[in-house]
Amino acid sequence: MKEIVLEGLEEKIYEYTTKNGLKVYMWVNEKVNGCFASLSVKYGSIHTKFKVGKKVYTVPNGLAHFLEHIKFNMKEDVTAHDEFIKIGGDSNAFTTFKYTSYIVFATQNKIENLNLLLDFVYNPYFTKKMISKEKGIIVEEANMSNDDPYSKIFYDNLKNVLQKSNYRNLITGEVEDIKEISLDDVEIVYDTFYHPKNMFLTITGNFNPYEMAKTVEDNLAKKEFREFQEVDIISESEPKKVTKDYMEENVGITYPRVKYSLKIPVNKFKNVETIDLKLLCDLILNINFGSTSEFRSDLILKGLVTSMGYSLDIYEEYMVITITANTNYQDEVIKLIREKFDNLEVDEKDIVRKRNAAIATLILDYEDIEQVNMKIQDDIINEGEIITDLKIRVASINQEKLESVINYINNDNVAISVFKPKENQE
């Protein structure tokens, strides 16, 4: 058992690796009663083409999410949900672009709930009848996503920014994608990716880490796994330019919305680690566009916007920064956002205030076992390891570091998406 110390936070995470390769990360909080466990597989919606040995496989979009759903079937007419309820467990799952996670929360029978989590995820029970039945359910879910204007706005803007990347595609897949999914597709993906060496377990809450580690080891020792083969993910090379500089679309919203997105190659930020890049850019955006920024307050005071926010995402080799504003004055607001990006600024007073707030939030996160569980998952998926010095990195942010990054945040490659209520279509 390895102990990972989080510098400056007085917290530690236990790391254990089972004999068959499953990494287990555990954080103990004796102040709570509950226990939150997530079993995650490094397979998400963007992984539709991959190579194992000399063979290349291509599966439909939405397969990761589809597999997440049918995985809860343990045998004919018995689901994991049914079994968790019997022992007081609250189970769920989610799929992201990069991974799928199966979760359970329990305040009692924690060992039993952990065993059940391992048993149902590592139970390859799939039938043609099950596939056919689930298609109808997930097609309905996909249609709901298409009918949700805010989901549509998110993905349509992403398609306006990214030309070829799989990040453009709905995590659920489109209706036609779902209809294409076969039993062979499901079995290929499960056999390829659902192996302990390509997965990790995160447990947070009130429990004995040594007891949990032994439970996992004993459980997996009773199961048989194929020898794990390394997988090469194949993806399209994403062009530097945005798909469209400007687009307008009518959707089912009540107030016009503008999305102003910058697409910036990550390799422009030389000698800056990805984790630092996200911290630095987030602080820059917070100071210039955040809820307490002068720019946002001025636009609201003048009645130019009713709300405004920002987002920062890294899609492999590109960073996408998006400013979202609800406005009836799109041309003026777009002009002002463009000018603001040409004149980003940070002063020492704002830096100290925002930096201290970020540290306080980081400390408070360790009051929430679900939040810590998600932070660990994010670290493993995005960085490949637990980031032990996050507080130190935040505390070391200064004006020089911020200004070195600001130099590369500009209007060189912009996608503007304007969404208007449907009644304005004429």
Side-chain angles (χ1 to χ4, degrees), residues 44-46 61-62 65 94-98 138-178 238 241-264 281-282 285-286 289-291 295-296 299-300 303-316 318-338 340-341 411 413-426:
S45 67
I46 62 172
N61 288 322
H65 175 261
F94 62 86
T95 300
T96 72
F97 289 125
K98 291 184 176 181
I138 300 181
V139 161
E140 187 175 331
E141 186 176 337
N143 283 328
M144 288 173 63
S145 292
N146 285 325
D147 291 339
D148 178 0
Y150 299 102
S151 174
K152 184 170 176 57
I153 285 171
F154 173 81
Y155 281 104
D156 286 0
N157 180 67
L158 207 48
K159 288 175 182 175
N160 202 27
V161 177
L162 302 173
Q163 294 189 43
K164 295 184 177 182
S165 170
N166 267 359
Y167 287 100
R168 303 168 81 249
N169 301 319
L170 277 172
I171 288 175
T172 60
E174 299 289 352
V175 171
E176 291 308 311
D177 298 321
I178 297 163
E238 173 63 24
K241 290 294 292 179
V242 297
T243 309
K244 292 180 182 179
D245 297 331
Y246 184 88
M247 65 91 94
E248 286 191 9
E249 186 177 349
N250 296 90
V251 295
I253 53 178
T254 57
Y255 207 86
R257 177 169 293 198
V258 169
K259 283 187 175 286
Y260 188 102
S261 298
L262 309 183
K263 181 181 181 182
I264 309 170
C281 288
D282 184 72
L285 294 170
N286 200 332
F289 298 99
S291 58
F295 180 72
R296 179 181 182 275
L299 293 186
I300 290 177
L304 289 174
V305 303
T306 57
S307 67
M308 189 174 75
Y310 69 87
S311 65
L312 165 67
D313 297 286
I314 293 182
Y315 301 111
E316 308 302 341
Y318 291 96
M319 177 170 69
V320 176
I321 292 171
T322 299
I323 307 301
T324 302
N326 283 1
T327 177
N328 277 318
Y329 308 95
Q330 65 182 62
D331 293 340
E332 181 66 15
V333 169
I334 289 169
K335 173 176 170 288
L336 291 170
I337 292 173
R338 188 185 301 276
K340 186 61 179 172
F341 272 117
N411 292 297
N413 198 15
V414 177
I416 298 169
S417 305
V418 177
F419 300 94
K420 298 180 177 180
K422 282 186 175 179
E423 55 264 33
N424 290 350
Q425 194 160 353
E426 294 180 5

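Pairing each heavy atom of Arg296 with each of Gly290, the nearest pair is CD-O, 3.3 Å. The shortest non-hydrogen separation linking Tyr155 to Asn169 is CE2-O, 3.4 Å. Minimum heavy-atom separation, Val258 to Thr327: CG2-CG2, 3.8 Å. The shortest heavy-atom contact between Gly252 and Pro149 is O-CG, 3.4 Å.
Among the candidates Asn157, Leu158, Asp156, the single residue satisfying the side chain to side chain contact (heavy atoms under 4.5 Å, CB included) test with Phe154 is Leu158. A side chain to side chain contact (heavy atoms under 4.5 Å, CB included) with Glu174 is found for exactly one of Ile178, Thr172, Leu170, namely Leu170.
Counting heavy atoms from C-beta outward, His65 and Phe94 have side chains that stay 4.5 Å or more apart. Inter-residue side-chain proximity for Asn250 and Phe419 is flagged as unmet; no heavy-atom pair is nearer than 4.5 Å. Residues Val161 and Thr243 form no side-chain contact, since every pair of their non-hydrogen atoms from C-beta on lies 4.5 Å or further apart. Side chains of Val320 and Tyr315 form a contact here, defined as non-hydrogen atoms less than 4.5 Å apart. The side-chain heavy atoms of Ile416 and Met247, taken from C-beta on, include no pair separated by under 4.5 Å. Using a 4.5 Å heavy-atom threshold, the side chains of Val175 and Asn143 count as touching. A heavy-atom distance below 4.5 Å is not found between the side chains of Asp313 and Met319. Annotation: side chain of Leu304 is in contact with side chain of Leu336 (closest heavy-atom distance under 4.5 Å).
Electrostatic pairing of Glu249 and Lys420 does not count as a salt bridge here, judged by no charged N lying under 4.0 Å from a carboxylate O.
Aromatic pair Phe341/Phe289: ring centres closer than 6.0 Å.
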Checking salt bridge (Lys or Arg N to Asp or Glu O under 4.0 Å) for the pair Lys263/Glu238: CA distance, chi angles, key distance, verdict? CA-CA 11 Å; Lys263 181 181 181 182; Glu238 173 63 24; 2.6 Å; yes
Verdict with reasoning, Tyr310 to Asp282, per side-chain contact (heavy atoms from CB on, under 4.5 Å): CA-CA 9 Å; Tyr310 69 87; Asp282 184 72; 3.2 Å; yes
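For the residue pair Asn411 and Tyr260, a side-chain donor N or O sits within less than 3.5 Å of a side-chain acceptor on the partner. Side chains of Asn160 and Ser261: a donor-acceptor N/O pair is absent below 3.5 angstrom, by distance only. Arg257 and Asn326 share a donor-acceptor pair across their side chains, judged by distance under 3.5 Å alone. With hydrogens and angles left out, the side-chain atoms of Tyr167 and Glu316 include a donor and acceptor closer than 3.5 Å. Between the side chains of Asn328 and Tyr255, at least one donor N or O sits under 3.5 Å from an acceptor N or O. Between the side chains of Lys259 and Thr322, no donor N or O sits under 3.5 Å from an acceptor N or O.
The structure places CZ of Arg168 at 10.5 Å from NZ of Lys164, a figure rounded to the nearest 0.5 Å. Note that the OG atom of Ser291 and the CD1 atom of Ile300 stand 9.5 Å from one another [nearest 0.5 Å]. To the nearest 0.5 Å, the span separating CD1 on Ile321 from CD1 on Ile323 amounts to 7.5 Å. Within the model, atoms CG of Leu312 and CG of Leu262 stand 10.5 Å from one another, a figure rounded to the nearest 0.5 Å.
Under a cut-off of 6.0 angstrom, the local environment of CD in Glu140 is sparse, with at most 12 non-hydrogen atoms contributed by other residues, nucleotides or ligands. Within a 6.0 Å sphere centred on OH of Tyr329, heavy atoms belonging to other residues, nucleotides or ligands number 12 at most.
The backbone N or O of Ile46 lies less than 3.5 Å from a partner atom in the side chain of Asn166, making a donor-acceptor pair. Here the side chain of Ser45 pairs no donor or acceptor atom with the backbone of Gly62 at under 3.5 angstrom.
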